[in-house]
Amino acid sequence: MTAQIIPVDPFDYIIFGGTGDLAKRKLLPALYHRDHDGQLPDEARLIGASRSKHSDKAYRKFAEDALREFVPDDQIDEDTLKRFLARLHYLSLDVTDDDGWDELKKLLGDEDRIRAFYLAVGPNLFGPISEALEKHGLTDTRSRLVIEKPLGRDLESAQALNREVGAHFDEEQVFRIDHYLGKETVQNLLALRFANALFEPLWNNAHIDHVQITVAETVGVGDRAEYYDKAGAMRDMVQNHLMQLLCLVAMEPPANGDADSIRDEKLKVLRSLAPIDADNVGSSTVRAQYRAGAGPEGKVDGYLDELGHESDTATFVAIKAEVENWRWSGVPFYLRTGKRMAERMSEIVISFKPVPHAIFGKDAGTPISNQLVLRLQPDESVKQWIMIKDPGPGGMRLKHVPLDMSFAQTFDGRSPDAYERLLLDVIRGNQTLFMRRDEVEAAWAWIDPIFDAWDETNHPVATYTAGTWGPSQSIALIERDSRTWNDGTR
Ligand code: NAP
């Protein structure tokens, strides 16, 4: 069964930073795939912009090389490639200079089509680009601005960034990407919760024991150590991806599927998070750095060896978070993320409470609590683990088995990358899967005091061997509550 593809309205995508890593690895391949599926109208154009000098022809060659590198061979269709490359244009401009903007304006012309400005450049350039676009008459209602993490490094800088952009674009024109929200499984979570009568009655502290959210990477920081050291796992992963996932699990049913209805509910979750401060930071958080060990490529260095100097930046963070409201009171949300972990794996685990009374004898085995496991990476899936009778004679023996609820095999082919959906949602003007200004700020308002409390209490930076599931302190964080991490076993 193939989903029906509806082309979007005519548009120009202008990628500032069109020669950078994000453009090469994610944006160009995502737009190529959408072109392949017939979703780009004939008029659609893609304009790369950055300082280096290239002709349109050279940029097309650059894009072709990127596509051949980052799109699997069997997904390269030569006709699509030709059509796609013909859509590309390039403009050399330094966004901090006055030159080049008139040329951009001329290139865009006065067509009645959407202009999406994707800022695939450092956040220090978001303000200058927004300002220049307004100065050159490029911020009218046809225009949209797409920005991506890092959206600040604390509340104050996030507010400043939002103000800089907000001085030139209305909030309805600003699309803040968190690519986790574009993942199929994340939307499946919404479908499961709000298109079924089955789950919602159980979705509360009477029936759910706890929630785990893990985003584990096997890669280290490598030659990006100096850059990474300014962020660390908390800013790079927790403040955005993990907190967004937490919001979607914990939010109340929105009145409808409109962007603001959903974002209002997410915001309420962020504002209901119990503060973590000097009193509870010791019992509620773990921060750690990897030491030398094993990665997918073999023996690997530790974080400080890669960095070359001392640092207390965490490459791993685990947090026990509490959503203080009627629905979730007493249900911990355990969050963890790290680099150089045992497996690349992102998942949400909803653990239900055990049955109140076991009626089967001990020969049948102890019933294991039901779990709903939403896997986001590496392969997306949704599995509901339940107890059944092990088939066959020999009396009652209980067995824990997964019901596969993702039905991925029912749908054709490859699973689209999150950017494919998000890039075209910008053109559709659909902000549902993008973060609103107040959400980003509310997330920082919860994160900032954790940094303060770490400083104030001199919270230790634990260590873990590269290639493991993190430090023993992380295991202790959850096992103190008589629970265990789901280390990729379900
Ligand atoms: P990158 O590889 O360093 O690329 C930066 C791009 O910006 C280059 O095309 C560069 O080209 C251009 N640029 C820099 N200064 C400019 C200026 N003054 N005027 C015009 N163009 C300029 O960085 P990246 O990895 O693509 O990341 C871009 C942004 O996205 C960063 O903020 C990053 O944190 C964020 N991000 C990246 C990823 C990813 O997967 N890479 C994921 C999420 C978020 P020239 O040098 O030719 O000007």
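Keep in mind it's a predicted model, so treat the numbers as computed, not measured. Counting begins at 1 with the first residue of the sequence. Just follow the structure's listing: the first ligand is 1, and inside any ligand the first atom is 1. Every heavy atom of this structure was used, including side-chain atoms; hydrogens, water molecules and symmetry mates were not.
Side-chain N or O atoms of Arg287 include one that pairs as donor or acceptor with a backbone N or O of His459 at under 3.5 Å. Side chain of Arg436 to main chain of Glu171: no donor-acceptor pair is present (N/O by atom type, distance under 3.5 Å, no hydrogens or angles). Without hydrogens or angle criteria, Gln212 side chain to Asn486 main chain gives a donor-acceptor distance under 3.5 Å. The closest donor-acceptor contact from the side chain of Trp469 to the backbone of Glu343 lies at 3.5 Å or more, if one exists at all.
Among all non-hydrogen protein atoms, the one lying nearest atom 47 (O) of ligand 1 is Ser52 OG, 2.4 Å. Among all protein heavy atoms, the one lying closest to atom 9 (O) of ligand 1 is Thr19 OG1, 2.7 Å. For atom 6 (C) of ligand 1, the closest heavy atom belonging to the protein is Gly17 CA, 3.5 Å. Of all protein heavy atoms, the one closest to atom 5 (C) of ligand 1 is Ala120 O, 4.0 Å. Closest to atom 4 (O) of ligand 1 among all protein heavy atoms lies Gly20 CA, 3.3 Å. Looking from atom 16 (C) of ligand 1 to the surrounding protein, the closest heavy atom is Arg51 NE, 3.4 Å.
The distance from ligand 1 to the heavy atoms of Pro123 drops below 4.0 Å at these ligand atoms: 32 (O). Set against the non-hydrogen atoms of Asp94, the atoms of ligand 1 under 4.0 Å away are 17 (C), 18 (N), 19 (N). Taking every non-hydrogen atom of Tyr227 and a distance limit under 4.0 Å, the qualifying atoms of ligand 1 come out as 34 (O). Close contacts of ligand 1 with Gly122, meaning ligand atoms under 4.0 Å from a residue heavy atom, involve 32 (O). For ligand 1, the atoms lying closer than 4.0 Å to a non-hydrogen atom of Glu148 are 42 (C), 43 (C), 44 (C). Near Leu125, the atoms of ligand 1 lying under 4.0 angstrom from a non-hydrogen atom of the residue are 15 (N), 16 (C), 17 (C), 18 (N). Counting the atoms of ligand 1 from 1 in the order shown, those under 4.0 Å from a heavy atom of Pro150 are 32 (O), 34 (O). Within ligand 1, counting atoms from 1 as listed, the ones closer than 4.0 Å to a heavy atom of Lys149 are 34 (O), 35 (C), 36 (N), 44 (C).
The shortest non-hydrogen separation linking Tyr228 to Ala233 is OH-N, 3.1 Å. Closest approach of Phe175 and Asp425 over heavy atoms only: CE2-O, 4.1 Å.
In terms of polar-atom proximity, Val121 is counted as a contact of ligand 1, with an N or O under 3.5 Å from an N or O of the ligand. Considering backbone and side-chain N/O of Leu22, one or more are found under 3.5 Å from N/O of ligand 1. Geometrically, ligand 1 and Asp21 share a nitrogen or oxygen pair separated by less than 3.5 Å. Polar contact check, Val95 against ligand 1: a nitrogen or oxygen pair lies under 3.5 Å apart. Taking any N or O of Arg25, backbone or side chain, at least one lies under 3.5 Å from an N or O belonging to ligand 1. Every N/O-N/O distance between Lys26 and ligand 1 stays at or above 3.5 Å.
Put simply, the residue from Leu181, Leu151, Asn240, Leu161 that forms a side chain to side chain contact (heavy atoms under 4.5 Å, CB included) with Arg176 is Leu151.
A cation-pi contact links Arg235 to Phe451, judged by a cut-off of 6.0 Å to the six-membered ring centre and 45° from its axis.
Between Lys149 and Asp236, at least one side-chain N (NZ, or NE/NH1/NH2) sits under 4.0 Å from a carboxylate O, which counts as a salt bridge.
Atoms CG and NE2, from Leu145 and His168 in turn, are 10.5 Å apart once rounded to the nearest 0.5 Å. Annotation: the span from Asp9 atom CG to Glu43 atom CD amounts to 9.5 Å, rounded to 0.5 Å.
With a heavy-atom cut-off of 4.0 Å, Ser50 touches ligand 1 through backbone and side chain alike.
Using cut-offs of 30° and 60° for the angle between ring planes, the Tyr59 and His54 rings count as tilted.
Contact analysis puts Leu93 in contact with ligand 1, with a non-hydrogen atom separation below 4.0 angstrom.
Around CG of Asp112, the count of heavy atoms belonging to other residues, nucleotides or ligands within 6.0 Å does not exceed 12.
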